[in-house]
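Report on the structure given below.
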Amino acid sequence: MNRREFLAATAAAATVAETVAEAAPQLAVDGGVPVRSKPLAGPNWGPQYYDEKEQVQLTEVLQGHNPFRFSNPLERSKVGIFERETAARMKTEYALGVTSGTAALHVAMAALEVGPGDEVILPAWTWYSCYNTVIQAGALPVFAEIDESFNIDPKDIEHRITPQTKVIMAVHLQGNPADLDPILEIGRRRGIKVLEDASQSVGASYKGKPLGSMGDMGIFSLQQSKTITAGEGGVVITSDAYLYERACRFHDVAARPGFPSKLRFMPGLNYRMNEFTGGVLLAQLRKLDTIIGDVRRNAQRVYRGVGDLPGTRLRHRPDPAGELGTGIFLGFQSTEERERYARAMKAEGVPVASPGGSVILPAVPEIEQKVTVTPRWPSFTSERGKAIRYGRECCPRTIEILGRFAGVMMNPKYTERDTEDAVAAIRKVYPSIVKA
Ligand SMILES: *Cc1c(COP(=O)(O)O)cnc(C)c1O
């Protein structure tokens, strides 16, 4: 049976599924004909959209002979224009370009006045930078479990709050918004700031609002694996003038004059974005809605194509309209079942991935051992810092959930045929793994 016949047969079978048992096609893993001979390519976002728009920006910077942002008048600086257009797109008052997502998190820690003695609640599954920047601030990281959205579980936050809790870090992983309403409510009620890390979800939204714009501050990474990119890059967004000023000062060794407040000095670092990066990111930002429109269209085709499969358990999505569709993740009863699905899908030429791009941080041996820059580092010297235990035991639910899911990763440049193949492979393999 060729691919078209297979699709036709599947469609026909679906209409009479109630009365006629569908003859199961032989899986490629058992010697049958694979859905695709050439495997589906896998994810790759912004760089695929590079064209003369980025080239013009770079050429202008070269010809201007002023690659340092502050050598240019504010209205002509590439970084300045990028920041203004980012703030407009993300519906915040301010945006600050920095050198990376990690830099953005470090700047946010300083802006939010996180320091020794403070605690920051963050999900057990996220990127190293989230943990490392809390440590760099001298504060104590406190892990919360994730739920089936793969993001911090709002129900696992409140009992972890102490009088020292300064910030809740809500991270929006793999294109899927964290369930922000209950998190923001906890923050407001308990007087704790909320920082959104939308590094893996640039352009996504929650109930119509851009991710990053709803907490006290938001950050993005613009590193190559993210939605839009100049290879490296980051942004801090906020609508709070004081937090913005603190962020500006910290990212520029406190040198920049021109702010109205009395805050003149802060021993900051240098995380300034240069004009080449700003130019490329400006061109990329102007394509953001095209890129996420493309990937969402492709993801919708797959969601629609598998929506009627009996027994499917999708990754939880607090706002399906707002997510990017980075991957179409299906849940299984066990890791063993997930692995059988992965093997069979790979044989069909449609590889699937476990939840990726993050780390189960408390299970990292050096984190479990509380390794810091020096043993005298303030993060773990308090009574509470000495008492806190990391390791796999502190996040059993996170480990359990991540072990059960696998997803076909989306790419904005997939053709209709690519997404049809993804649907065909899932429809072929899934029923053989999960009995309805
Ligand atoms: C990528 C990423 C970062 C760090 O960004 P860099 O630009 O690589 O420094 C931070 N948080 C999350 C969730 C990320 O995915």
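The figures here come from the full heavy-atom set of this structure, side chains too, leaving out hydrogens, waters and symmetry mates. Just so we're clear, the structure is a prediction, and the values are computed from it rather than from any experiment. Atoms within a ligand are numbered from 1 in the order they appear, just like the ligands themselves.
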Of Arg404, Arg315, Arg317, which meets salt bridge (charged side-chain N to carboxylate O under 4.0 Å, His left out) against Glu148?
-> Arg404
What I want to check is whether the side chains of [X] and [Y] have a donor and an acceptor closer together than 3.5 Å.
X	Y	value
Thr102	Ser129	yes
Ser77	Glu275	yes
Thr162	Glu119	yes
Asp179	Tyr206	yes

For the residue pair His106 and Phe250, categorise the inter-ring angle as parallel (less than 30°), tilted (30 to 60°) or perpendicular (more than 60°).
-> perpendicular
Could you check ligand 1 for N or O atoms lying under 3.5 Å from protein N or O atoms and list the pairs with distances?
| from | atom 1 | to | atom 2 | distance (Å) |
| --- | --- | --- | --- | --- |
| ligand 1 | 5 (O) | Ser221 | OG | 3.1 |
| ligand 1 | 7 (O) | Gly101 | N | 2.8 |
| ligand 1 | 7 (O) | Ser221 | OG | 2.7 |
| ligand 1 | 9 (O) | Gly101 | N | 3.4 |
| ligand 1 | 9 (O) | Thr102 | N | 2.8 |
| ligand 1 | 9 (O) | Thr102 | OG1 | 2.5 |
| ligand 1 | 11 (N) | Asp197 | OD2 | 2.6 |
| ligand 1 | 15 (O) | Gln200 | NE2 | 2.8 |
| ligand 1 | 15 (O) | Lys226 | NZ | 2.8 |

